[in-house]
Each structure stands twice: as structure tokens, then as C-alpha cells.
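Worksheet for the structure shown next.
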There are 2 protein chains.
Amino acid sequence: MLRGERTRTAVLDTAVALATEAGLSGLSLSQLAERLGVSKSGLFAHWKSKEELQLATIDQARKLWADRVVAPALRQPRGVRRLFALHEARLAFYTERVLPGGCFFAVAEFEYAGRTGAVARRLSEVLGEWLILLERLITEAVELGELPAGTEVGQLAFEIDAAGVAAMLHTRLLDASVHAARTAVLRRLRAATTDPNLLPEE
Amino acid sequence: MLRGERTRTAVLDTAVALATEAGLSGLSLSQLAERLGVSKSGLFAHWKSKEELQLATIDQARKLWADRVVAPALRQPRGVRRLFALHEARLAFYTERVLPGGCFFAVAEFEYAGRTGAVARRLSEVLGEWLILLERLITEAVELGELPAGTEVGQLAFEIDAAGVAAMLHTRLLDASVHAARTAVLRRLRAATTDPNLLPEE
DNA sequence: TAAGAAAAAGAACGACCGGTCGTAAATATT
DNA sequence: AATATTTACGACCGGTCGTTCTTTTTCTTA
């Protein structure tokens, strides 16, 4: 009963990695099967269509992101420390090259920017979740008094996310851009917080 | 002699638009030919291969960007005003929906983030040019005394670009994110400049 | 251990891909 | 007006795409 499950996750892990190289729509079943040493038709025993596999791949990438980025940050104490930890965990995800193409969602989101359909919709949902998480952490920091009461939550969330996205974009000069992304957010938060001692110096 | 030239630009204009929807590698010669009402083989009279057409498409997109974004900004007086005008021109390019998929280079850059080859190399070059332009305008502002002497040029260029990229990413909530991108850069520049009167209030 | 279900392989399909070829019209040059 | 050259076409190639169907292997369970 669990053999199928093992296969499925193995396939999806490879699919996530492959999608960051060839894109989520450029992901071909032949290539995927070959890389796994599996027959192409065997994949259809688990998903009825490519689109279903793409949707499952998105969920797998979401889990990976939750484990490697969100979970470590949530182990930090609430407030600006947790907020900055989330940003740093994200950057670490890039520098550690967990995925060959860098970031599954950045690649996929741009790829499907102008499209419609189930895949595009699901991607939007996940991106929305991410922004909501950022806003939640910011709101918590406000409630703790670590950020001033008038903080524009959405605006700050946008700025933090922007630094992360841009770090990913400049993949070929990754180290420099990750450093810039860290500095940008650190300064922004240190300038805004009521207690700069909560955050590292530069 | 100019009939061919007319055809070429017509093809490339369509190719630029199509590439923002399907991606630069997802751009298929059949679809391109069909949308133009032209035979696929006719395209090979102008470019020997798909890759050559892709490279020509990049140059065409670069021209479009130069006309619609860079040129208007350069009509503003040197310094922080020109710098902010460049950012605003970029955001206008997105809101006016000049291209269906939003931004040719953002889409393509992410698509080719993990790849090698002539197309990926050319894309990197153009992205590099863009960053250099940003840094040049910042440097000019420093020389004019509109930004303080110690300004970290690369860091500021990264932050401005990040806001633009992120605005593009959140395509489905475009208006809100463009506003956030404008606000982020405006505040950043107003905080840094020696003469806030040069910039609009929020 | 036999029966049944789940998992995987294999072969084949129609559609589309990038690309080539020979040819015919449109244009330029003489 | 005759000749080159550019521009474009239709037919076709080998290959890959996603998908389906049938068959075989593997595992689970009664």
C-alpha cells in the first residue's frame, strides 16, 4: 500500500527540481521518466494527466518550502526576529541551491504570469498564502510593540518579498544579490523597529 | 530592399508579445507564423534557426524597453528626479499592459535562470546593462549632490530594481503592487536625498 | 498459497515540434 | 526588357510531445 506512495514522492521530488530548470510547463513526461529510470506510461498509473501531475508538483514544492523556509523561522520568537528569520531562511534556501533553478515558485509564477487555468490559479493561491504569512508575522510584531502601531502591513510585506524575489532574479551574481537583499531588509526593519537590539547589526 | 525589413520587425514585434505569454523557449514557430498569417518556412528566409530568431527577439524587446522606459526618463533633469522617473516609467510600462505577459525581460530572465547557451548569455547582458543604467543615474545624483557622498550605489540600485520586479510578479493584483512599488522607492529616495523637494510627495 | 489489486512496462496513436527542400512570386539590378 | 536576388510558400522529414490501451510484474491480503 505504501509502495505507491514512495514512488509518488520520488517522482514529485524530481519533478520539482526539473521544473525549476525547464519550467513547469516545459517539464516533459519523457524526461521526467527517463531521469527516474521509469517508463513514461507508468506515470499515468498515479496521475491521469500532465496537469494533475503539475498540480501535485506544486503541492510538493509547497511542502518543501514549508519545511525548509517557514518551519525554521517559526522556531524563532515571535516579532521582528521571526520576521527577519523568515527572510534569511528564504535567502539560505537560494544560496544552498536546494533546487537547481533556485526557486520553484519564482520561476513558475513568472512563467504563468500571463496565463489562465488550474495551474495558474493554484500558483496564485500559494503566492497569496506566502504574502499572508508575511503579513501575519508583521502584524504579530506590531501587536508585540516591536513595530510601531501605524505600520502599513501590506506595504512592508511587499518590500520584504521584493528583496527576496530580486535576489533570486540575479541568479548569476547570487552571492552579491543575496547580500544586498539581506542588507535591504535588515536596514528597513532596524529603522522601523522600536528595539533595534532584537536584530543583528549589519 | 525594405520589404524584408518591414516583415522582420512585424515578426519580431509579434514574437516579443508572444514570448511574454508562452515564454521565450515556449515560443513556437508554428504559432508565431499562424498569428502573423504567414507560413512557418517563410520565417526561415530571415533567420536560420529558432535560436537566431530568439536572439533577434531579445534585441527587439530591448529596443522597445529603450523607447518606452529609458528614453522618457532621460528627458527628465539629471539626478534623483531622473532616477525616480525611470522607476515610474517602468511601472507605467506594466500598468499600460504594453505586453500581454507584462515584462519580457522578467519572464525571460527567470525562464533562463538555470540554463546556459547563447540566449541565456544575451539575456544576462541586457539585464547587466539595465543595472548599470540604474547605477549610472544614481552616481549622477551623487555627483550633483542630490544624494549623499557615501551612497552605496549597487545596494540602492538593487533595491529600486527589486521593487520593479516584485510589482511585475504580483501581476494578478497589479494595481496594488505597482502602488506599493512606487511608494517603496519614493520613500527610500526621499529619505536619502538632500533635497526632498525634488521628488513628489506621496 | 491462491486471488485480487496496485504498480509498472510496452507499444502505438495523433498532434505538434524545429528544420529542409524545391519552387514560385515579388522585387532589384542591369 | 532581361536577369538576379530576395521573399515566401507547400510538402515533407525525423523526433518528441501527451495520452491510451493492453499486458506483465509485484505486492497485499484473505
Side-chain angles (χ1 to χ4, degrees), chain A residues 1-58 60 107-108 111-112 115-120 122, chain B residues 1-58 60 108 111-112 115-120 122-123:
Chain A
M1 202 53 119
L2 54 78
R3 183 184 164 214
E5 200 51 40
R6 197 162 8 103
T7 306
R8 267 187 287 276
T9 57
V11 172
L12 290 179
D13 283 340
T14 307
V16 169
L18 206 58
T20 65
E21 299 180 55
L24 191 53
S25 61
L27 192 161
S28 106
L29 299 183
S30 334
Q31 287 175 258
L32 181 58
E34 194 187 4
R35 186 173 291 204
L36 283 156
V38 157
S39 78
K40 190 171 54 158
S41 55
L43 297 175
F44 284 90
H46 302 280
W47 303 276
K48 331 186 227 218
S49 67
K50 180 178 177 179
E51 189 178 73
E52 250 194 39
L53 191 146
Q54 287 174 317
L55 290 171
T57 304
I58 293 175
Q60 187 76 0
V107 170
E111 188 181 359
Y112 283 83
R115 309 194 200 178
T116 56
V119 175
R122 186 83 188 95
Chain B
M1 201 53 120
L2 54 77
R3 183 186 164 214
E5 201 51 41
R6 196 161 9 102
T7 307
R8 266 188 287 276
T9 57
V11 172
L12 291 179
D13 284 340
T14 307
V16 169
L18 205 57
T20 65
E21 299 180 54
L24 190 52
S25 60
L27 191 161
S28 109
L29 299 182
S30 333
Q31 287 175 258
L32 181 58
E34 196 187 2
R35 187 174 290 205
L36 283 156
V38 155
S39 77
K40 186 175 57 159
S41 54
L43 297 175
F44 285 90
H46 301 279
W47 302 276
K48 324 188 233 227
S49 68
K50 181 179 177 178
E51 188 178 75
E52 252 196 38
L53 191 145
Q54 287 174 317
L55 291 171
T57 303
I58 294 174
Q60 186 77 359
E111 189 180 358
Y112 283 83
R115 308 194 201 178
T116 56
V119 174
R122 185 82 188 99
L123 283 171

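The figures here come from the full heavy-atom set of this structure, side chains too, leaving out hydrogens, waters and symmetry mates. Since the structure is predicted, the reported quantities are computational estimates derived from the model, not experimental observations. A note on names: the letters A, B, ... follow the listed sequences, proteins ahead of strands, and every chain is numbered from 1.
Rounded to 10 degrees, the angle separating the terminal helix axes of the helix from C:dT1-D:dA30 to C:dT30-D:dA1, each built from five base pairs, is 10°.
Residue-to-nucleotide contacts include no donor-acceptor pair under 3.5 Å from the side chain of B:K50 to the base of C:dG19.
Under the rule for a side chain to side chain contact (heavy atoms under 4.5 Å, CB included), the partners of B:A15 that lie at least two apart in sequence or sit in another chain are B:L27, B:L32, B:L53, B:T57.
Here D:dT19 presents its P atom at 10 Å from CD of A:E52, a figure rounded to the nearest Å. In this structure, A:W47 atom CH2 and D:dG18 atom P are separated by 14 Å, rounded to whole Å. Taking atom CZ of A:F44 as the reference point, atom P of C:dA9 lies 14 Å away to the nearest angstrom. In this structure, CG of A:L43 is placed 9 Å from P of C:dA9, rounded to the nearest angstrom. Here D:dT7 presents its P atom at 16 Å from CG of B:L36, a figure rounded to the nearest Å. Distance A:K48 NZ to D:dC21 C1': 17 Å, rounded to the nearest Å. Taking atom CZ of residue A:R6 and atom C1' of nucleotide D:dC27, one finds them 11 Å apart after rounding to whole Å. Distance B:E5 CD to D:dT6 P: 14 Å, rounded to the nearest Å.
Separating the OH atom in A:Y112 from the CD atom in B:E21 is a distance of 14.0 Å, to the nearest 0.5 Å.
In this structure, the side chains of A:V11 and A:H46 stay at 4.5 Å or more apart for every pair of heavy atoms.
Residue B:S41 places its side chain closer to D:dC9 than to any other of D:dC9, D:dT19, C:dA8.
In terms of heavy atoms, A:E52 sits closest to A:W47 at OE1-CA, 3.9 Å. Listed here is the closest heavy atom pair of A:R115 and B:A22: NH2-O, 3.6 Å. Taking all atoms of both residues into account, the shortest heavy-atom contact from A:S39 to A:A33 is C-CB, 3.8 Å. A:S28 approaches A:Q31 most closely through the heavy-atom pair OG-N, 3.0 Å.
Using a 4.0 Å cut-off, no side-chain N or O of A:H46 falls inside it from OP1 or OP2 of C:dA6. OP1 or OP2 of D:dA8 lies within a sub-4.0 Å distance of a side-chain N or O belonging to B:T7.
Against DNA chain D, the stretch residues 10-35 of chain B makes no heavy-atom approach under 4.0 Å.
Within 6.0 Å of atom CD in B:E34, 12 or fewer heavy atoms from other residues, nucleotides or ligands are found, so the atom counts as exposed in its surroundings.
When atom types are taken as modelled, the side chain of B:E111 and the backbone of B:L24 share a donor-acceptor pair closer than 3.5 angstrom.
Residue whose closest nucleotide on DNA chain C sits further toward the 5' end, between B:E51 and A:G42: A:G42.
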